[in-house]
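Order of the sequence lines sets the chain letters (A, B, ...), proteins ahead of strands, with each chain counted from 1. Please read all numbers here as calculations on a predicted model, not as lab measurements.
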There are 2 protein chains.
Amino acid sequence: MKSTADNPEKNQWKRSPCPIACTLDLLGDKWTLIVVRDLLMGRSTYSDFQNGPENIPTNILAERLKRLEHAEVLTREQYQQRPPRYSYHLTPKGKDLAPILKAMARWSNDYLPYTVKV
Amino acid sequence: MKSTADNPEKNQWKRSPCPIACTLDLLGDKWTLIVVRDLLMGRSTYSDFQNGPENIPTNILAERLKRLEHAEVLTREQYQQRPPRYSYHLTPKGKDLAPILKAMARWSNDYLPYTVKV
DNA sequence: TCAGTAACTTTAAAAATGAAAGTTTGTTAA
DNA sequence: TTAACAAACTTTCATTTTTAAAGTTACTGA
């Protein structure tokens with residue numbers, strides 16, 4: 001029988017209690033941190049994200065926004081009634097992802113050629 | 001006609017020249033940084049990685065090791081002739097991924113419940 | 001010679017991704 | 001008053017990736 005501490009159903013983690021693994025359970029894919037990057041840059045609407053240089057597929061974008069909202073990394077708010085318009089904003093939890101992105105940008109600038117310097 | 005600067009074939013990047021996007025092109029999935037974490041912890045053999053708490057599928061592990069070797073994040077060396085045995089080690093480029101993992105661990109400890117503190 | 005181990009490779013099913021078209025709600029120009 | 005346009009999605013379906021499981025190769029030690 002599985003102990004509670006080892007059971008991902010009862011806890012938050014899917015693979016192991018390792019903090020790296022837990023972060024990757026939520027953010028470990030090609031698109032999620034692109035959306036966070038855009039939010040950190042001040043972009044806030046669905047079409048802002050959709051029109052980014054990476055051309056995120058719209059169904060992926062919608063799914064990621066829902067996932068991040070559920071994880072309380074961002075909030076969705078209607079800023080206009082008619083026509084209905086929504087904006088997305090980072091929570092403190094979401095803003096605190098900045099050091100991860102900073103470290104990635106730094107590493108990329110140091111080691112990957114043809115990368116835009118930041 | 002596509003300009004050279006915008007052509008991912010000629011450059012290293014697949015989606016955009018953004019350093020975040022470039023990093024995610026290489027590392028943006030659920031398993032790659034788990035392998036890097038293990039390497040940073042001093043694990044070095046295929047079975048070391050395979051026996052980690054996350055139970056990485058063996059074909060995924062083999063593919064990731066090849067990809068990281070190709071990207072010069074790690075090296076593979078035969079440390080014994082017979083039976084043939086191999087070990088993997090981070091290059092300076094690989095070791096410099098540590099700040100990214102540190103930032104992830106920090107964020108996880110700050111915001112994700114049931115995570116092991118580091 | 002037989003079981004066991006490291007380091008993979010192969011296979012087939014399941015899940016995720018990606019490209020494209022479609023939907024809903026409203027605005028604005030003709 | 002109708003047609004075109006836009007934001008913010010949803011749906012569909014083909015392709016790609018992931019996963020679990022079994023298989024392979026090279027060798028050791030009993």
* Asked: Got more than 12 heavy atoms from elsewhere within 6.0 Å of CZ, A:R106?
  ->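 Open: at most 12 neighbouring heavy atoms sit under 6.0 Å from CZ of A:R106.
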
* To do: Count the heavy atoms belonging to other residues, nucleotides or ligands that lie under 6.0 Å from CD of B:E72, then report whether that count exceeds 12.
  => no

Mind listing the side-chain donor-acceptor pairs of residues 79-88 of chain A below 3.5 Å, one per line with the distance, residues two or more places apart or on another chain?
{"from": "A:Q80", "atom 1": "NE2", "to": "A:P83", "atom 2": "O", "distance (Å)": "2.9"}
{"from": "A:S87", "atom 1": "OG", "to": "A:H89", "atom 2": "NE2", "distance (Å)": "3.0"}
{"from": "A:Y88", "atom 1": "OH", "to": "A:R76", "atom 2": "NE", "distance (Å)": "3.4"}

Whole angstrom is fine here: how far is it from [atom1] in [X] over to [atom2] in [N]?
X	N	atom1	atom2	answer
B:I60	C:dA15	CD1	P	15 Å
A:N55	C:dA19	CG	P	9 Å
B:N51	C:dA6	CG	P	7 Å
B:F49	C:dA7	CZ	P	9 Å

* To do: Determine yes or no for a side-chain-to-main-chain donor-acceptor pair under 3.5 angstrom, with B:S108 supplying the side chain and A:P19 the backbone.
  => yes

* Does A:K14 offer a backbone N or O that forms a donor-acceptor pair with the side chain of A:D25 under 3.5 Å? ->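 Yes; judged by distance alone, with no hydrogens or angles, the pair exists.
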
* **Any A:L65 side-chain heavy atom under 4.5 Å of A:Y46 side chain** => yes

Side-chain donor-acceptor distances from residues 92-104 of chain A under 3.5 Å, at least two apart:
{"from": "A:K93", "atom 1": "NZ", "to": "A:A71", "atom 2": "O", "distance (Å)": "2.8"}
{"from": "A:D96", "atom 1": "OD2", "to": "B:Y111", "atom 2": "OH", "distance (Å)": "2.4"}

* When rounded to the nearest 0.5 angstrom, what is the spacing between CG in B:N55 and OG in A:S16? ->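 So the CG of B:N55 and the OG of A:S16 are separated by 9.5 Å.
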
* To do: Hey, could you give me the CD1/CZ distance between B:I34 and B:R64, rounded to the nearest 0.5 Å?
  => 11.5 Å

* Please list, by residue number, the residues of residues 18-29 of chain A whose heavy atoms come closer than 4.0 Å to an atom of DNA chain D; answer none if no residue qualifies. =>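 Contacts with DNA chain D under 4.0 Å: none.
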
* OP1 or OP2 of C:dA16 sitting under 4.0 Å from any side-chain N/O of A:W31? ->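 No, outside the criterion.
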
* Structure fact -> So the contacted stretch of DNA chain D, first to last nucleotide with an atom under 4.0 Å from a non-hydrogen atom of chain B, runs from D:dT18 to D:dT28

* Are any of the side-chain nitrogens in A:K30 or B:D29 under 4.0 Å away from the carboxylate oxygens of its partner? -> no

* Does anything in residues 40-51 of chain B pair up under salt bridge (Lys or Arg N to Asp or Glu O under 4.0 Å), and if so which pairs, sequence neighbours excluded? -> B:D38-B:R43

* Asked: Quick one: what's the B/S/- string for nucleotides 8-13 of chain C, heavy-atom cutoff under 4.0 Å, read 5' to 3'?
  -> BBBB--

